Amino acid sequence: MCGIIGYVGPQGTDVTSILLDGLGKLEYRGYDSAGIAVLTSTGHLELHRRAGKIANLVATIADGAYPHPGPLGIGHTRWATHGRPNDENAHPHPDCTGLLTVVHNGIIENYAELRQEMEDIGHIFRSETDTEVLAHLIEHTYFGEAQHDLTLAVRMALKRVTGSYAIAVVSGEHPDELVGARLNGPLIVGLGEHEQFLASDIPAILKHTRQIIILDEGEIATLRPDSVSIITLDGTRVERDPILIDWDAEAAEKNGYPHFVLKEIFEQPEALRRSLLGRVSNGHLYLPELAQMQQNGLLDNIQRIVIVACGTSYHTGMIAKYVIDQWARIPVEAITAAEFRYSDPILDSGTLCIAITQSGETADTLVGIRQARERGAPVIAITNVVSSAITRLSDAVLYLQAGPEIGVVATKTFVSSVNVLYMLGLYLGRMRGRIKVDQLQEMLAALERLPNQIQHILDRASGPHDTIEKLAQEFSKVSSIMFIGRGVGFPTALEGALKLKEISYIHAEGFPAGELKHGSIALLDSETPLIGIATSSHVYEKVVSNIQEVRARDARVLVVATEGDEKIRKHADDIFYVPDTLEAFSPLLATIPLQLFAYHVAVARGCNVDQPRNLAKSVTVE
Ligand code: G6P
């Protein structure tokens, strides 16, 4: 949800290229408009802004408006919240004088009253955005009490603001100073040689540095070519050591794949192996991340588990509900974060909250979890992003270790989240004495087989006998597809439907297979196919019966089934086979052909797979 970047370095740097290249890596965060402000060597702050994707901005700049090299610049790619996605609302936003310029990710909740206040004292607004109020507030403090001290002006202005923000601010009077600040929005500092960077996310600056400082909530950083200083909103100095990022820029490139989404689908065996690393070994399960919680007795008294998440992460939580219920015999509820927050949830120290958010910055999830903490519930976070906002709200963090996921739709973070939830479920089951050692060993062995089994599905899909792409081309012409499943097959169906609608824009819905006949079956006809999740399970026969009901209505049926199941051929027009595994683990295998199917349908329809319309990878507004 909006990406920001900033640079400060020596005179004569091609800052425009650095900003545009970085914005390209952040485009997954939003692509409604893009803009840069560059302080050129002539001391002039040049502003370029365009509605639409970054390519529009690049084209404008290439058409003869390329700013002269300079020491300082900021850039932005937008996912619109306040104000339409046009040129005027594109960031960066200047103040009245044109000396100061701001980019912002987040929402200023009290912007209407602040705007009124600023207008009353003569400030002229030129956009409909909430961000512009920051430019005028900072102008007010900069030329007033802060007396041209940019960091102080930013600090004084932010004290007036409620809401969420990650911002970068520059002043034409300070060619060697870049100021950034964050509150409930991600912002990192990259340390270079005589140059420094600000960005929403690591891939944007990985080409230049792997030394990163992750700013904490309510911190302001002042970057100069040879120094970085950090203070809190109340002015207290903060010392923070950088961390070294151990993946390189290549991990965030397409590596020959036509799309990030396809690359990330094919990275899933490796992502799963990484999530098992250090946790499953020689028939033992280790979750050292939970040791502290256990020592503090936070897991002793758990009567109930509430899983809070959004989108694909919510589907991972639904799968976890089924298995943790069974393995630990603890009642588990999975709830979408946006509903959880307003449900006045019953929470106490006996309710374990599990927050799942691959980005670690989804506002709905953060707000929900904050509330859970206030009510005394212990919290475990599952996320892919080190030191992301959710990690500061949690008693323990289980990282996915999946590597960067650039495609807007979640693929490898889905399988890694489910895998981590399996390990957590087994851990809780063991802790409560519900799973015996030999059962655990059998399950861990099955878990360790999954990466190779996924590889097998991917190899077949890349070979000459692949049917997924061919079927995807046929199905790409339909306007609606239904998905059904039972037990863990139900959230699998939901995830299959979500992937398809997110990237191909075909209407798709997932249903519990037994529920279809209670209404939604009315939607089926010969033009509306159905995809059934019919892998081996204790409800297999029931799913087959539901599929028969559908076929009786002339709908074409595609089934995901377990290798060796010949009987299913009688009931299905087409089949995607996946290897056999324990029923609990079947979602991880059944999901793979559904991801590939959605991908190929989207490609066949000419959709932008990596950046689907209206979506953003992380949604930092409620
Ligand atoms: C956005 C993305 C979805 C994602 C959801 C939750 O809506 O478009 O793909 O599943 O956020 O993201 P999270 O980072 O919290 O897992």
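Just so you know, these numbers come straight off a predicted model, no measurement behind them. The figures here come from the full heavy-atom set of this structure, side chains too, leaving out hydrogens, waters and symmetry mates. Read the numbers this way: they start at 1 and go in the same order the structure lists the ligands and their atoms.
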Problem set entry | Any donor-acceptor N or O pair under 3.5 Å, side chains Gln268, Gln455 | no

Problem set entry | Polar side chain donor-acceptor pair, Asn419 to Ser416, under 3.5 angstrom | no

Problem set entry | Qualifying residues under salt bridge (charged side-chain N to carboxylate O under 4.0 Å, His left out), relative to Asp32, sequence neighbours excluded | none

For this session: Identify, with sequence neighbours excluded, every residue that meets salt bridge (charged side-chain N to carboxylate O under 4.0 Å, His left out) alongside Arg273.
Result: Glu270

Exercise. For ligand 1, what is the set of protein residues having any non-hydrogen atom at a distance below 4.0 Å?
Worked result: Cys310, Gly311, Thr312, Ser313, Thr357, Gln358, Ser359, Thr362, Val408, Glu502, Ala616, Lys617, Val619

Exercise. side-chain hydrogen bond (donor to acceptor under 3.5 Å, both in side chains): which pairs involve residues 480-497, sequence neighbours left out?
Worked result: Thr312-Glu495, His315-Glu495, Ser480-His507, Arg486-Asn546, Glu495-Lys499

For this session: Assert yes or no for the condition that the ring centre distance of Phe597 to Phe475 is strictly below 6.0 Å.
Result: yes

